[in-house]
Amino acid sequence: MRIFILLSLALLTIFACNNDITSNGDDFIDNQGSVQKEIYKIYKTYTVRIDSFPASSANPFSALTTLSFGIAEDKYTGKVTSTPYVQLAPSTLTKFTSYTSFDSLMFHFNYKGEIWGDTLPLQTMRLYHTNALPDTRDYMNNSNTIYRTFYNNFSIPYDEKSLIGETEFYPTSKELSKYKFRISDTLGENLLEYMRLLALEYSSDIDGAKRKVLDYLGDIVIVPDPGNTCLFGLSNTIDSINMTLHYHIGGNSYQMVFNRTDGFNQYTFINIDSDLSGSPYDILETQRDEIDFIDAKQSDSRIGQAITEGMTGLMIKVKLPVKIAPEKYSTIIKAELVFFPQDETLKDFQKMDSLYLYKSNSQNSLISAITGGALSYDPLRPNDAEYRIDITNYYINLCKQSSPEEDSYIMASINVNSLPYSFDRLVIDEYPELHVYYTYYDMHE
Amino acid sequence: MIIDMKRLIYIFFAIILSANAYGQNNSGSPYSMYGIGIMPENSGAFVGMGGVSAAMRNNTHVNYLNPASYTALDSNRFYAQLGATGERVHILSNEESGNYSVAQNDAVSFALRIAPLWYFSTGFIQRSNIGYDLYFVRPIVNTENRYFAQQISGEGGLNDFYMGIARKFGNFSIGLNASVTFGSIETVQVIEAGISNSYAVTSQKKTSVTGFLVVPGVQYQKTLKNNSSLTLGLSGNLNTFMNAKETYYAYTTPTQSSPLHDETITRGNVKFPFRIVAGASYAWKNKWNVAADYTYQRMSSYAEFGKKQEFNDYHKIAVGGSFTPDINGRYQWQRNSYQMGAYYVRSHIELYDIKVNTFGLTLGSLFSVRDLTFGIALDGGVRGSTKNGMLQEKFAKLRLNIVFKESWFMKRKIY
């Protein structure tokens, strides 16, 4: 009996030992695994132009928080003219109990975002109103009206006689931060009288009154003069763009504000005219057209050129090289798509903060968002800036497909939700690169 | 001879407990990553004498390394023997140094006579050890100032569960150990690049080995003049193929544990090569005993899944001696046995034209307290070299051997 007690105790003692075997050896034993970076230049790089994009408040994907206004001209992408259309309606309905006297009608807007182009010359803004509103109803869904989305190439005619105001200004952010100018007294007097009649007819139906005002005013069109030289953004919020009707009753002054009104906002949109004549991208007539990176080379380009730009709809399209059957016992642990901006673009245009990638196909469709990446650079070497975008999961899944051809097309662009009001751009004159890190982990040798 | 059921149950639990004790890391040497690992360089009942075994036989120890020796055991006793080692190693290369410690269970043996002239033994023996944990930092190919880390760790080894039998034929004793060899070799590799938001890759390989190994042994003892005796011994095994199954899989982390779908299961065998241990010992007047062994194993033919490994043949020479002042002396120190030994191993591993050899010196003592015999030995030595960027391990081992002999088969005389 004693023999087993002693033996068991001895065995338990050994069993309880906590062995520490962390040891050296890495300096003489070859490690078999490795991590390797491969850089693939993407020679299949093109510029394409999407023929239209949503540019109205009735956009199921994104609210139109900013309106673009003005004209910008550039040696690469020609001339862009942006004309916003807004609708304004009274926020309240006031009953006039006695005689009213018109004072003035003022138009207000607040600057938002950035200014692109030449900001030194004086800029001119004219206001028109359309005679009719477009039919915004698209279809009914469960008794709800689904409003039609207007695209950037949509417009509503107006004639010169419908001019209701004009102003000139120097396009500085300070000047435009809260800008206002006086518009047509005739319109103001008529509007005051119209509101007095509406107050009698629609005293308890503010929505009905708003519809009548929208029909009366039509869309307000904010038109740049053909001689304008810059583009900038206007805030599309309730407290930004508005018309204020000033009047007095007796010795007291009053005002009535016509602004963007929730529920009656489906008429706001931006018409963008992009004239590429004279630029290498003029040949892009349909969305299926594309111009090769080399064929778009400019005199100041290093190898070739491709460009993406807001408002013009230009986008950089790349076809990813796909390694369908990587070596056995190797796997992708990281994949990055790298774009190198052309230095010359810095002179007139600030590099945009972020670049976004979208899944595309051989017909240049814009299918879905993939991811985005920020501009990065060493402050001491700003010319070495790059957009390095992590596409690891997308690329791994792509390489797993048996036929990845159609999914290997990617569009690089500014955020597509910003296309109607952002003139951000990226010009590249070197081939984009696909950086893939492979881990080799074979343990069989 | 009858063994009662209670004792059988004790034996059963002792074996189960022994098997569990084999489940832990028992080596820390990077050299153990090759083949089946590091084979014990100094093991058995006579670790204080350099690990000699072939010609060693006495009634105090179960010399399981040569089954012929079982016939020297007392016929009326049940033997239980445990060998254990604690090891501290200083590991040194041209670039860095460190330490590791391990404790290991060398063997658990039981033995008894089962019939006149027939002896039986069973137990566990450690056949090889694997245990290492390496950490590499290497540059990422085609990058500047980008690195990846790779951790490779391994554990396992092979063990024998043996059952041996021996019989005496005059001056000759012949024995045979039949073993079930079992164990696994596990390797885990983690590769992680120093790049933000990249995947790490973990791959694991486990080779399970099971086989049947037969180790015969023979000893010849000749009584000489002046109360001295000479013993010659031989044991070994033939080429033995053991079943092996290699399971491999890999996955990425950390975003999610995604299998890489290149799992493989390979079935085949491991060739455990021919091995022979030959030795002689000379004893004089129960005071002096000197012995020497030579071990050879044709490791150059070692193969895994039909693929030969680039190993050299294994050679070991061990010499040892012991002195007992007076085995029937009045004082404990007189009855104690004092041992010395040395061994030299030219292992099967050769890297960068440098053979990984081991040299060790041993110093030990045996003393008995009633039915208990304690063997304590110090084993100090050097494995490997720092030449050609290699690694040297300086080890100090404390070897403990406990033998308990209990009289089970005494018949009471009634007067």
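Residue numbering restarts at 1 for every chain, and letters A, B, ... go by the order of the sequence lines.
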Asks: If you tally heavy-atom pairs under 4.5 Å against chain B, which of A:T439, A:T392, A:I396 wins?
Replies: A:T439

Asks: Do A:I333 and B:F148 have side-chain heavy atoms sitting under 4.5 Å apart?
Replies: no

Asks: Identify which part of B:E393 has an atom lying under 4.5 Å from any heavy atom of chain A, answering side chain, backbone, both or neither.
Replies: neither

Asks: Taking atom types as modelled, find out whether B:N142 and A:Y437 have a side-chain donor-acceptor pair closer than 3.5 angstrom.
Replies: no

Asks: What residues of residues 35-44 of chain A sit under 4.5 Å from chain B when only non-hydrogen atoms are counted?
Replies: A:V35, A:Q36, A:K37, A:E38

Asks: Would you say B:Q150's side chain and A:S34's backbone share a donor-acceptor pair under 3.5 angstrom?
Replies: no

Asks: Roughly how far, to the nearest 0.5 Å, is OG1 of B:T252 from CD1 of A:I332?
Replies: 11.5 Å

Asks: Roughly how far apart are B:T143 OG1 and A:H435 NE2, rounded to 0.5 Å?
Replies: 11.5 Å

Asks: Report the C-alpha distance between A:N393 and B:Y199 in whole Å, list the side-chain angles of each, state the deciding distance to 0.1 Å, and finish with yes or no for side-chain contact (heavy atoms from CB on, under 4.5 Å).
Replies: CA-CA 10 Å; A:N393 290 335; B:Y199 286 108; 2.5 Å; yes

Asks: Name the region of B:I191, side chain, backbone, both or neither, that has any atom closer than 4.5 Å to a heavy atom of chain A.
Replies: side chain

Asks: Working to the nearest 0.5 angstrom, can you tell me the gap between A:K334 NZ and B:I140 CD1?
Replies: 11.0 Å

Asks: Would you find more than 12 non-hydrogen atoms of other residues, nucleotides or ligands less than 6.0 Å from A:K297 atom NZ?
Replies: yes

Asks: Excluding sequence neighbours, so at least two apart, what forms side-chain contact (heavy atoms from CB on, under 4.5 Å) with A:I294?
Replies: A:D292, A:I303, A:Y431

Asks: Give, as side chain, backbone, both or neither, the part of B:S196 having an atom under 4.5 angstrom from any heavy atom of chain A.
Replies: both

Asks: Between A:Y329 and chain B, which part of the residue has a heavy atom less than 4.5 Å away: side chain, backbone, both or neither?
Replies: both

Asks: Mind running side chain to side chain donor-acceptor pair (under 3.5 Å) on A:D442 and B:Y248 for me, showing each step along the way?
Replies: CA-CA 10 Å; A:D442 190 7; B:Y248 171 88; 5.3 Å; no

Asks: Could you tell me whether B:E310 atom CD has more than 12 heavy atoms of other residues or ligands within 6.0 Å of it?
Replies: no

Asks: Taking side chain as everything from C-beta outward and backbone as N, CA, C, O, which of these in B:F305 sits under 4.5 Å from a heavy atom of chain A? Side chain, backbone, both or neither.
Replies: neither

